[in-house]
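No experiment lies behind these values; they were computed from the predicted model shown. Computed from heavy atoms alone, side chains included, the values below leave out hydrogens, waters and symmetry copies. Each chain gets a letter, A, B and so on, in the order the sequences are listed, and its residues count up from 1.
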Amino acid sequence: MNQASSLIPDRYEPAAVEARWYPEWERRGYFRADPDGPGQPFSIVIPPPNVTGSLHWGHALNNTLQDVLIRMKRMDGFNTLWVPGTDHASIAVHVILERQLEAEGRTRYELGREVFLERAWKWKEESGGTIIRQLKRLGASCDWSRERFTMDPGLARAVREAFVRLYDEGLIYRGDYIVNWCPRCQTVLSDLEVEREERDAEFVYIKYGPLTLGTVRPETKLGDTGLAVHPNDKRYAQYVGQTLRIPSVDGEIEIRVVADEAVDPEFGTGVIKVTPGHDPVDFEIGRRHDLPVRTVIGFDGKMTAEAGAYAGLDRFECRKRIVADLQALGLIDRIEPYRHSVGLCYRCKTVLEPLVSKQWYVNVKPLADVARAAVRERRVNIIPRSWSKTYYHWMDNIRPWCISRQLWWGHRIPAWYCEADGSVHVSRADLTACPTCGGPVRQDPDVLDTWFSSGLWPFSTLGWPDDTPELRTYYPTSVLVTGYDILFFWVARMVMLGAHLMKEVPFRDVYLNTLVRDAEGQKMSKSKGNVVDPLGVMDQYGTDAFRFTLAGVAAAGVRDVRISEERIEASRNFANKLWNASRLVLSNLDGYEPGRKTKGARPLPDRWIRSRLAATIRAVRTHLGRYRFNDAASAVYQFVWHDFCDWYLEMAKISLYRASDPAERGRTQDTLVAVLETTLRLLHPFMPFITEEIWQRLPAHGDSIMIAPYPKVARGQADAGAEREMALIMDTVTAIRNIRGEMRISPATTLGVTVRPAPEHAPVLAGATALVETLARAQLSLDPAASRPAGSALAVVGGSELYVRLEGVVDLTAERARLTKEIARADEAIRFLETKLAKPEFVERAPAEVVEREREKLAGQQEVRTKLSASLAWIGEGAR
RNA sequence: GGACGAUUAGCUCAGUUGGCAGAGCGCUGGCCUCACAUGCCAGAGGUCACUGGUUCAAGUCCAGUAUCGUCCACCA
């Protein structure tokens, strides 16, 4: 073995390499953006991970894709910026901290707001730190000098600015409506934060005097302030407008019957009870018919004083009691099993209670119209496009956005209430006294929905509301890469707020990446316990292998992907393959002088591999431009493994080890270095660490591959002639190897092969005898007039025939079997092609080149068939 | 109730404008050939879920069916 290769380990060891390069890149300032720097801007803001622990595979995928794009663009000469940061995740952090407190036997109320917030900040520091470390470990080339957190002072200012502006424009208002209340979290939730789940329930038919109606929530009976039927329902027309006096669990009650379109006469009995205090539909009906709101369930999920004898009971306990009591009073008609969906808190899964309360809202309808148009007019491109329909549907059916939360961790609502005159003041600056009467003021205790601040992220991180160089250079950002699960939560809000407050959309492209599932197709989540720590995977297989795997599964248009360990192993092997190919190159560079002009025409293999490289570069660029990360990754993979390693390196060895002419060796070294160096640059965005490590070991490298140019195809590099000629050589080699394999001939045996070349093949084969001989382990003799020697196997490559001498090597039984199989295969192809070409419509209507191609194929197959069957007959005789 | 997605090799999945069905893993046979056994060479393996339609030509376009999945939705 060569000295150089013995110095480099034969297995790629990622740990040391990764630990060395990341800090070095950071130290040299490669990640840092300069708004005044040269090049077209290309910017990305990170979807800020929640500070709720550590990163999972979805984050790893999402950030790998962003890093691939940003590294590629940086190398390509763009003025790149990737803004990193984290999200305070108001309610999610509450849930975590409250669970911790619960374990200590305490509640947040016992702790008090101030102490709770201290804990929250401490949690944020820990979790945020973990996340940042993980991102760095992943190789993410973010500009850390611009790291942001959604509760940074600057972003807090942006939040206030946005709130005040929207309030002044009348788009933010306060009002009493029915809301989704989580009795555990003790806060309101927006409609989007309600998760639905099918549950089995009882559909209880209760007698209301002369009427009977079904309900799944008998406990809300206590809050009934009306009954409703459909206006066209003749069955009940006589009762509409009447006030009925009917027996109930709390004695005789009076209840008014109204007619409302919301009632479906086909469902149940066609009569519903109206409980405006505890049902969104009933709330609306109540408003239309002026029915009073009676709140019988409180914020704690227990029955209120209004519930009379039932006060203090848990709502579900109350349900059972009411049913029992109705039963006793003979007021239950019947009970049927029923399956329906209930609303759950998206964070803690508690069954929500619809309640009436005073909250802050954004009237998003006007913003939605603008946001809709932005996509419709392609100012924002959603990729894959099919998601735009979902986006439109949501925008079209949008309802007011409830933005207040009865939580402590988050942006406090910038509204102050005067205790003296009751006035409300929304302000950019903190208020200490009432601007109208000078009396004492009290700030609204609530905080904003987390998504309000993340909705401002693309411009708040760039300095808004100030007019900064960053905003001017990098806004709108180039692309947003995120999961489709937060299309409404986040993407839609950013488009609405960006278009409204900045008068310009926040990003040009939205690439919605797939969601990552485990090998069983389960969504990875902590509650399922199937979360595999990405750090462990990176430890085991290396970051580059992990990233390459992630990029490899990111196909456009795919919703979910499963990732298995085998896949990462394959990528690890790929990294190792590249490492060893480089070892081969590096250990054969003695006498090589970088930059020296090589003399003489480039040999075929060199022209071929450069042409293949050109095609690969073109493919990678095209695929990345369309966010087809998997296709880009696979193009490089195929090139490196199969073109470069399997074929080119094997051919290069011939001139490296046995060149008769030193210039020939120099030419090969030149191509080896050039192709490897370019390949490393091409691959760098996917596998940043290993490519840098190898690149640094190559002669005449620059400072860092990170800032080297991204490969472009040189003029004249694509060489169709070389590709065609090499295809012939490769087919010839494969044909001989095929016979060796089928005949079970040892690779150690050199085969004697006589070639009878087709006239057009003759010069190519004559010029590549040494190649074929080495690669196929054969001794070749070319003879245009050759006839089949006795005891030989036949292979047909295009119009050329190969006779492989088997005499004394094996008997011909295997050859007969092989030929029979080949003939059958040819027959099938011939039958298919003949049928096709026999159809006049095909010959007339199909493009000429398609028809011509099929004709040639048929002729070729027929020729092969003739030769094969002649050969079979010949063997039959020979064997006799 | 709507909308969207999936169904292709044993497994996991690509397949762009309709024009020669692919990859990785696994499997079979042979190889420790001086970069790599995390490897090399060769091979087997397909009714592209089903039914119908459009077309010279359909995995690809259209209609429908089945199964699985996701999202949205105020039928209590």
What is the pairing partner of [N], taking Watson-Crick or G-U wobble pairs with both distances under 3.5 Å in any strand?
N      : result
A9(B)  : none
A57(B) : none
U47(B) : none
A21(B) : none

TODO: Would you jot down, in residue-number order, the residues of residues 731-739 of chain A having a non-hydrogen atom under 4.0 Å from RNA chain B?
DONE: T734(A), R737(A), N738(A)
Open item on the list: I need the CZ-P distance between F574(A) and G24(B), as an integer number of Å.
Closed with: 12 Å
TODO: Quickly work out the Y392(A) OH to C4(B) P distance and round it to whole Å.
DONE: 14 Å
Task: Position toward the 5' end of RNA chain B (nearest nucleotide), K653(A) or K839(A) - done: K653(A)
- [ ] Hey, which sits more toward the 5' end of RNA chain B by its nearest nucleotide, E742(A) or Y637(A)?
- [x] Y637(A)
Open item on the list: Tell me whether E815(A) is salt-bridged to R818(A), with the criterion being a basic N under 4.0 Å from an acidic carboxylate O.
Closed with: yes
Can you check nucleotides 73-76 of chain B for protein contacts, nitrogen or oxygen pairs under 3.5 Å, and list what you find?
from	atom 1	to	atom 2	distance (Å)
C74(B)	OP1	R399(A)	NH1	2.4
C75(B)	O2	D264(A)	OD2	2.4
A76(B)	OP2	Y338(A)	OH	2.6
A76(B)	N6	D264(A)	O	2.7
A76(B)	N6	F267(A)	O	3.0
A76(B)	N1	D264(A)	N	3.2

TODO: Taking atom C1' in both C34(B) and U47(B), compute the distance separating them and give it to the nearest angstrom.
DONE: 50 Å
Open item on the list: Distance to the ring centre below 6.0 angstrom and angle to the axis at most 45 degrees; does that hold for R372(A) and W394(A)?
Closed with: no
